[in-house]
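Only a predicted model underlies this, so the values are computations on that prediction, with no experimental measurement involved.
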Amino acid sequence: GKPLPARGFFAAMVYFFPTEGENAKMQSFTSALGEAVGLILAGDADLIEIIGLSLRVTLSAVVVSCVIGLPLGACVGAFSFPGRTAAAVVLNALMGLPPVVVGLVVYLALSAAGPLGGLRLLYTPTAMIIAQTILVTPIVAALARQVVEDLDREYREQFASLGVGPVARIAALLWDGRYALMTVALAGFGRAVAEVGAVIIVGGNSNHVTRVMTTTIALETAKGNLELALALGVVLLAIALAVNIAVMGLRASAARSAYA
């Protein structure tokens with residue numbers, strides 16, 4: 001074939017062989033990643049503090065969401081009442097609540113001029129827990145409703161023949177679906193731990209007070225401190241992987257118990 005013109009030849013060389021600037025960027029990323037791993041292995045105090053606060057806020061929000069969402073979803077899934085379909089639609093719709101809108105609403109409620117301003121909760125971990133709870137509760141309730149509704153179809157005739165009351169009925173359904181409901185809780189945890197929009201609005205991202213993993217990643221990346229951002233990113237990915245492994249394990253346990 002025809003030889004490449006000079007311009008095409010040099011363009012090809014640039015395409016196939018990285019330039020000095022690209023090499024520097026690659027070395028910079030590799031160096032930052034190495035320092036990030038070093039921070040994790042060394043148990044950096046700031047890193048541990050941020051991870052601890054993130055887990056404390058997230059787990060608190062998930063526990064409150066399950067206390068509210070599991071019974072609520074179970075009632076919608078197990079009982080027939082006027083507006084049941086509308087309630088299910090609302091729960092499903094609320095699963096997609098925009099985090100920044102939730103953060104704004106909580107901010108307005110907790111601000112000095114808001115109805116709950118006297119509690120002085122704005123820019124505290126409690127405000128972050130409230131915002132995450134509002135985001136996670138509809139997810140827990142909607143998924144629990146589906147689990148309980150499927151179980152209720154299976155046991156409805158038995159409950160009716162035994163004259164089981166509503167409270168005992170809900171308790172039995174929740175217990176029988178405990179493995180599936182654990183995966184629901186883990187799904188809520190995964191949603192909460194990755195949240196950034198709402199928590200940064202109500203928490204303020206204050207150092208040593210309300211700085212969690214996601215907000216720190218955003219801040220440190222903007223500042224160019226990639227080591228801490230990458231370290232937290234690695235931890236966040238590890239948590240996401242652990243949650244998925246736990247979900248798969250619970251599903252396998254549920255399958256084994258069903259055939260036991």
Side-chain angles (χ1 to χ4, degrees), residues 44-74 90-91 93-144 181-182 184-223 228-229 231-233 235-236 238-240 242-243 246:
D44 181 75
D46 289 338
L47 184 72
I48 298 301
E49 179 186 17
I50 292 166
I51 294 171
L53 179 61
S54 299
L55 293 177
R56 189 164 72 249
V57 169
T58 298
L59 289 172
S60 299
V62 171
V63 169
V64 176
S65 297
C66 287
V67 169
I68 299 171
L70 291 179
L72 176 62
V90 169
L91 286 178
L94 290 177
M95 291 176 68
L97 276 173
V100 290
V101 174
V102 172
L104 178 60
V105 171
V106 175
Y107 175 89
L108 293 174
L110 298 179
S111 63
L116 302 177
L119 298 177
R120 300 181 181 273
L121 294 177
L122 192 61
Y123 302 136
T124 66
T126 303
M128 299 160 68
I129 293 170
I130 293 171
Q132 286 194 354
T133 299
I134 294 173
L135 286 169
V136 174
T137 298
I139 297 173
V140 172
L143 296 178
L181 294 174
M182 285 181 190
V184 169
L186 287 173
F189 177 86
R191 174 67 181 85
V193 77
E195 173 51 38
V196 60
V199 296
I200 202 170
I201 292 174
V202 301
N205 203 18
S206 300
N207 196 21
H208 304 299
V209 180
T210 58
R211 191 162 292 176
V212 293
M213 285 190 287
T214 51
T215 61
T216 304
I217 290 172
L219 176 66
E220 298 300 326
T221 302
K223 289 165 56 178
L228 182 56
L232 290 169
V235 172
L236 202 56
I239 290 173
V243 168

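Here CG of Leu122 is found 6.0 Å from CG of Leu110. Values are rounded to the nearest 0.5 Å. Distance check, rounded to the nearest 0.5 Å: CG of Leu91 to CG of Leu143 gives 10.0 Å. The CG atom of Asp46 lies 9.5 Å from the OG1 atom of Thr216; values are rounded to the nearest 0.5 Å. In this structure, Leu97 CG and Ile134 CD1 are separated by 8.5 Å, a value rounded to the nearest 0.5 Å. Rounded to the nearest 0.5 Å, atoms CG (Leu72) and CD1 (Ile68) are 9.0 Å apart. Here the straight-line distance linking atom CD of Glu195 with atom CD1 of Ile200 works out to 10.0 Å at 0.5 Å rounding.
Here the closest heavy-atom approach between residue Thr210 and residue Gly204 is recorded as OG1-C, 4.1 Å. In this structure, Ala185 and Cys66 approach most closely via the heavy-atom pair CB-SG, 3.7 Å. Across Gly69 and Ala144, no two heavy atoms sit closer than the pair O-CB, 4.5 Å. Taking both residues in full, the closest heavy atoms of Val199 and Thr215 are given as CG2-CG2, 3.8 Å, listed atom of the first, atom of the second, then distance.
Side-chain contact between Val136 and Phe189 is absent, with no heavy atoms from C-beta onward closer than 4.5 Å. Taking 4.5 Å as the limit, every side-chain heavy atom of Ile201 sits out of range of all side-chain heavy atoms of Tyr123. Between Ser65 and Arg191 the shortest side-chain heavy-atom distance does not fall below 4.5 Å. Between Ile217 and Leu236, the closest side-chain pair of non-hydrogen atoms falls below 4.5 Å. Residues Gln132 and Val102 fail the side-chain proximity criterion, which asks for heavy atoms closer than 4.5 Å. By the 4.5 Å heavy-atom criterion applied to side chains, Leu135 and Pro99 are counted as neighbours. The closest side-chain heavy-atom distance from Thr133 to Val62 is not below 4.5 Å. With a 4.5 Å cut-off on side-chain heavy atoms, Thr137 and Val64 do not count as touching.
Of the possible polar contacts, none joining the Thr58 side chain to the Leu55 backbone as a donor-acceptor pair under 3.5 Å is found. Side-chain N or O atoms of Thr221 include none that pairs as donor or acceptor with a backbone N or O of Ala218 at under 3.5 Å. The backbone N or O of Met213 sits less than 3.5 Å from a side-chain atom of Ser54, completing a donor-acceptor pair.
Contacts classified as salt bridge (charged side-chain N to carboxylate O under 4.0 Å, His left out) and involving residues 210-221 (residues at least two apart or in different chains) are given here: Glu220-Lys223.
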Full working for side chain to side chain contact (heavy atoms under 4.5 Å, CB included) between Ile139 and Leu94: CA-CA 8 Å; Ile139 297 173; Leu94 290 177; over 6 Å; no

